[in-house]
Amino acid sequence: MSAIVEEHSHHTAPKGLKRWLFTTNHKDIGTLYLLFSLTMFLIGGAMAMVIRAELFQPGLQLVDPHFFNQMTTVHGLIMVFGAVMPAFTGLANWMIPMMIGAPDMALPRMNNWSFWILPFAFAILLMSLFLEGGGPAFGWTFYAPLSTTYSNDNTAFFVFAIHIMGISSIMGAINVIVTIVNLRAPGMTWMKLPLFVWTWLITAFLLIAVMPVLAGAVTMVLTDKFFGTSFFDAAGGGDPVMFQHIFWFFGHPEVYIMILPAFGIISTIVPAFSRKKLFGYASMVYATASIALLSFVVWAHHMFTTGMPLAGELFFMYATMLISVPTGVKVFNWVATMWRGAISFEVPMLFAIAFIVLFTIGGFSGLMLAITPADFQYHDTYFVVAHFHYVLVTGAVFSIMAAAYYWLPKWTGHMFDIKLAKFHFWLSLVSVNVLFFPMHFVGLAGMPRRIPDYALQFADFNAIISIGGFAFGLSQLLFVAVVYKCIKGGEQAPGKVWDGAEGLEWKVPSPAPYHTFSTPPEIK
Amino acid sequence: MKICRLVVAFIAMLIAIPSLANSAYNMRQGVTDISHQVYELHMTIFLICCVIGVIVFGIMFWALIKHRKSKGVVAAQFHESTKVEILWTAIPFLILIGMAIPATKTLIAMEDTSKADLTIKVTGSQWKWHYEYMGHDVEFYSLLSTPKDEISDLKEKNENYLLEVDKHLVIPTDRKVRFLMTSDDVIHSWWVPDFAVKKDANPGFINEAWTKVNDEGIYRGQCAELCGKDHGFMPVVVEAVSPDKFDTWLNDAKAEKAKAEAESQAVAQQTLSKEELMEVGEQTYMAYCAACHQPTGLGLPGVFPAMKGSKVVTGDIKAHIDILLLGRPGTAMQSFAKQLTIKQIAGVITYKRNSWGNDTGDVIQPSQIQREIDALEEGK
């Protein structure tokens, strides 16, 4: 194996567009994924700005309700499938081979394909917004029969786009698993794997388990809508609630797909800047695995109001509450890692600390949502919106930012503009809380989600939320500026950028050479 | 110092929380025993989370302040302890058990829909609620009554903006009222925060919920499940009155229904002028049709068909009437046979056939609608 790679590395990489189009190099593909994800983050964010602008004050001012629904739907789809998931896949591509001492991903050509079908998927999805009747307007959860009988014909584009995204994710996941299982350097035993690798391995199994379920759900939507089947139509013997069971059987593991790699990132960064080994490595691995397993038996907690039998409600309540145990273990381990460390506050660490606090707040609201009787009040209100934005924005997205700042010098060979990056952090931290924290209040006070206009008692908080939203959205342009400047130039970064950082990626120079570990490194 | 002040402020906030009940910040305590229990559960779990948060974040921030590299601290070397891991797995587990017990009790009570004094069937459709008092022959639709001008900022918004309807659902206090939820089209969700009742209305299936209201009053809620374009515009308004007042109301409603039927029969004998039909038609169109087909009659291309120049509207009159009476299965077009009077149906058809450049000149009389209804009944 290593001989083949050796030979390959003598080729000179093609230049220009061809380099990126035909590349099978894990670093190039990682870069493509990351830049794609950043682009989608900005597009999805722009849609959130439209939503917040309309909700700035009561009354309909800017968009009609049908377009508003398209915005909430496509914002959700883009952020989940276009921003967060590709960002983690990009990080996996860049870092996993370097972390385990492998020369590249195990299946490089498939790697190329799994990335290059993504832009087409999102082009199809975004294009449907400009067709007559508009794009999907039934929420990212596309509940039947709103997405079948009562949607317009452009739903076919939505279905096709989701299929392509699913294929891409499955291929990415297969690649991660095959790479980790087969290409670890000699001596890189399972319990020596960096936690980011462990969390991604488990994530990849979740992806393979549930993406086909999503594919099944969209296919049934397609045949119900266009080919006369009645999977979700009671008139033909189907059941609309069955759609929700299928969707959330995908959807709940999906939320862990978006947070387990984040746990891996935080478990990498916190020890680095505490200059102390991660506390409870083994328990972190077991906690991740138990969260993944539990994620398959809690899906119906999204559906407490659909009219489940009491026994079902009780089971899903208990199972959901149980998830907070391994999640708690993780938080406690991070805190124990910091305890009596020698802590410093570089930009990645700032994001990691913000992650721990804010993700935990999202975890608390998650625990509250698990209590079925209380969930009847919280369900489908802004309380839920606050909850999942705390775990996805200040959780997943903050971890991605932390990872980007942590490894940017390794990727580009330049130190980023620290002042600007800190400015980005503090602005984001303040604005994101102005944006999402008051959503708890309006939700509890009774504001349903996905409405384009609201009663007057919600007006004050909504104005504050919108201001926070615009500030957070604009702050992200600073991130773009930092990344751009860092790619263009800056102070030369050493091989080991952070003094407390551990791992094989710091043993190679910065920027990491086009081919690393053509001969496997020695693992002590 | 700063930290101290923050901690004091935080504790002050915690103390202030119980007084936030029924405020714009917190869940409502509501007006039923169940809603009180739900509120208690909510506050208990919230306070537990706060305490855990203060402890965990407190320890973390202590470390962040005291164990800084810039203070010359040298990192300790410890990195595992099975004892500690077991401890912080077991303690949360016990807390959860403590939380699950009251939650289970409340849930069991909430799901007990037996021994109801009154049953009301609640049917959602795009975008209105229909209420049927089972066994009392009283039923009606309940629609948003906020004027369009308030929504489009042309008029000042009133206090109950978007939370007001033309007909309240009236229920008795101190009686167990059971709701049977279903839907005519997509999934809706009937929610009244003050009752802690939120239940999905699924097409083709029936869900159950119940409430027993302690205090008289008007309670407002909204549809909670995304149900299409006007999801934000289908409020729920429930008026709870004493059982005596409720009985009076129910009798009045029955009398009113009989009166309306008699009127309808009378109208079927009359010939109305085109002006009158156009006037009734315009009002009806704006209230019932304009949400989809738009006040301009242009519809939303690709979603809701235009009325202007439409083949149905300018074509065969009988086919046009049939669509209003039967709806169009598999689309958002619902049956209006029960929602509108024959006068309104005649008016709206006349209006559509003579507006926005549709100049068929047709005048449709209520009698014609009645004949079509009778014919359809016989056909069954």
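Neither the backbone nor the side chain of B:Ile97 comes within less than 4.5 Å of any heavy atom in chain A. Interface residue A:Gln244: only side-chain heavy atoms are found under 4.5 Å from chain B. Neither the backbone nor the side chain of B:Glu208 comes within less than 4.5 Å of any heavy atom of chain A. With a 4.5 Å cut-off on non-hydrogen atoms, B:Ser81 touches chain A through its backbone and its side chain both. Using a 4.5 Å cut-off between heavy atoms, A:Leu131 makes no contact with chain B at all. Heavy atoms of B:Phe93 lying under 4.5 Å from chain A belong to its backbone as well as its side chain. There is no contact between B:Asn160 and chain A, counting heavy-atom distances below 4.5 Å. With a 4.5 Å cut-off on non-hydrogen atoms, A:Ala144 touches chain B through its backbone but not through its side chain. Residue A:Met317 touches chain B through its side chain alone, counting heavy-atom pairs closer than 4.5 Å. If you measure heavy-atom distances from A:Ala455 to chain B, the contacts under 4.5 Å come from both the backbone and the side chain. In this structure, chain A has a heavy atom under 4.5 Å from the side chain of B:Leu300, while its backbone stays farther away. With a 4.5 angstrom heavy-atom cutoff, A:Ser324 touches chain B only via side-chain atoms. Heavy atoms of B:Ile59 lying under 4.5 Å from chain A belong to its backbone as well as its side chain. Only the side chain of A:Phe345 comes within less than 4.5 Å of a heavy atom in chain B; its backbone stays farther off. Using a 4.5 Å cut-off between heavy atoms, A:Tyr150 touches chain B through its side chain atoms alone. If you measure heavy-atom distances from A:Tyr318 to chain B, the contacts under 4.5 Å come from the side chain alone. Of the two parts of A:Val329, the backbone and the side chain both hold a non-hydrogen atom closer than 4.5 Å to a non-hydrogen atom of chain B. Only the side chain of B:Leu163 comes within contact range of chain A, judged by heavy atoms closer than 4.5 Å. Residue A:Asn69 touches chain B through its side chain alone, counting heavy-atom pairs closer than 4.5 Å. Contact of A:Phe332 with chain B is made through backbone and side chain together, with heavy-atom distances under 4.5 Å. For A:Asp239, the parts sitting under 4.5 Å from any heavy atom of chain B are the backbone and the side chain alike. There is no contact between B:Ile95 and chain A, counting heavy-atom distances below 4.5 Å.
Side-chain atoms of A:Ser230 never come within 3.5 Å of backbone atoms of A:Asp233 as a donor-acceptor pair (strictly under, hydrogens ignored). With B:His79 contributing its side chain and A:Lys277 its backbone, the two residues share no donor-acceptor pair below 3.5 Å.
Annotation: maximal heavy-atom pairing with chain A below 4.5 Å, among B:Val73, B:Val197, B:Leu162, occurs at B:Leu162. Comparing B:Ile48, B:Thr82, B:Thr104, B:Val84 by how many heavy-atom pairs each has under 4.5 Å with chain A, the most go to B:Thr104. Among A:Gly133, A:Gly307, A:Pro373, the residue with the largest count of heavy-atom pairs under 4.5 Å with chain B is A:Pro373. For the set B:Lys66, B:Met99, B:Lys157, B:Lys199, the entry with the most heavy-atom pairs within less than 4.5 Å of chain A is B:Lys157. Comparing A:Ile451, A:Leu60, A:Asn152 by heavy-atom pairs within less than 4.5 Å of chain B, the highest count is held by A:Leu60. In terms of heavy-atom pairs under 4.5 angstrom with chain B, the leader among A:Thr337, A:Ile353, A:Asp153, A:Val331 is A:Ile353. When the candidates B:Val56, B:Asn207, B:Thr106 are compared by the number of heavy-atom contacts under 4.5 Å with chain A, B:Asn207 comes out ahead. Note on A:Ala374, A:Pro326, A:Gly280: by heavy-atom pairs under 4.5 Å with chain B, the leading option is A:Gly280. The greatest number of non-hydrogen atom pairs below 4.5 Å with chain A, out of B:Gly204, B:Pro92, B:Ala103, is found for B:Ala103. Among the candidates A:Tyr281, A:Phe273, A:Phe458, A:Phe461, the residue making the largest number of heavy-atom pairs closer than 4.5 Å to chain B is A:Phe461. Heavy-atom pairs under 4.5 Å with chain B peak, among A:Pro438, A:Gly328, A:Ser151, A:Pro58, at A:Pro58. Highest contact tally toward chain A, considering only B:Tyr161, B:Phe304, B:Trp88, is held by B:Trp88 [criterion: heavy-atom pairs under 4.5 Å].
Ring pair A:Phe359/A:Phe355: centre-to-centre distance below 6.0 Å.
Side-chain atoms of A:Thr141 and A:Arg450, non-hydrogen and from C-beta on, do get closer than 4.5 Å to each other. When side chains are defined from C-beta on, A:Leu367 counts as touching B:Cys49, because their heavy atoms get closer than 4.5 Å. When side chains are defined from C-beta on, B:Tyr39 does not count as touching A:Gln377, because their heavy atoms never get closer than 4.5 Å. Here the side chains of B:Val38 and B:Met110 are in contact, with some heavy-atom distance below 4.5 Å. Residues B:Asn158 and B:Glu164 form a side-chain contact, since some pair of their non-hydrogen atoms from C-beta on lies under 4.5 Å apart. Counting heavy atoms from C-beta outward, B:Thr146 and B:Ile151 have side chains that approach closer than 4.5 Å.
There is a side-chain donor-acceptor pair under 3.5 Å between B:Asn26 and B:His42. Side-chain N/O atoms of A:Asn333 and A:Ser283 include a donor and acceptor closer than 3.5 Å. With no hydrogens or angles considered, no side-chain donor-acceptor pair links A:Thr372 and A:Glu313 at under 3.5 Å. Of the N and O atoms on the side chains of B:Asp200 and A:Thr306, not one donor lies less than 3.5 Å from an acceptor on the other residue. The closest side-chain donor-acceptor pair between B:Gln334 and B:Asp184, if any, does not fall under 3.5 angstrom. For the residue pair B:Trp191/B:Glu225, the side-chain donor-acceptor check at 3.5 Å is not satisfied.
Under a cutoff of 6.0 Å and an axis angle of 45°, A:Lys276 and B:Phe78 form a cation-pi pair.
The pair A:Asp499-A:Arg275 meets the salt-bridge criterion, since a charged nitrogen lies less than 4.0 angstrom from a carboxylate oxygen.
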| message | Would B:Glu111 and B:Lys105 count as a salt bridge (Lys or Arg N to Asp or Glu O under 4.0 Å) here? Give the steps. | response | CA-CA 10 Å; B:Glu111 293 294 333; B:Lys105 275 187 193 154; over 6 Å; no
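A:Phe441 and A:Phe437 have perpendicular rings, their planes meeting at more than 60° on a 0 to 90° scale where under 30° would count as parallel.
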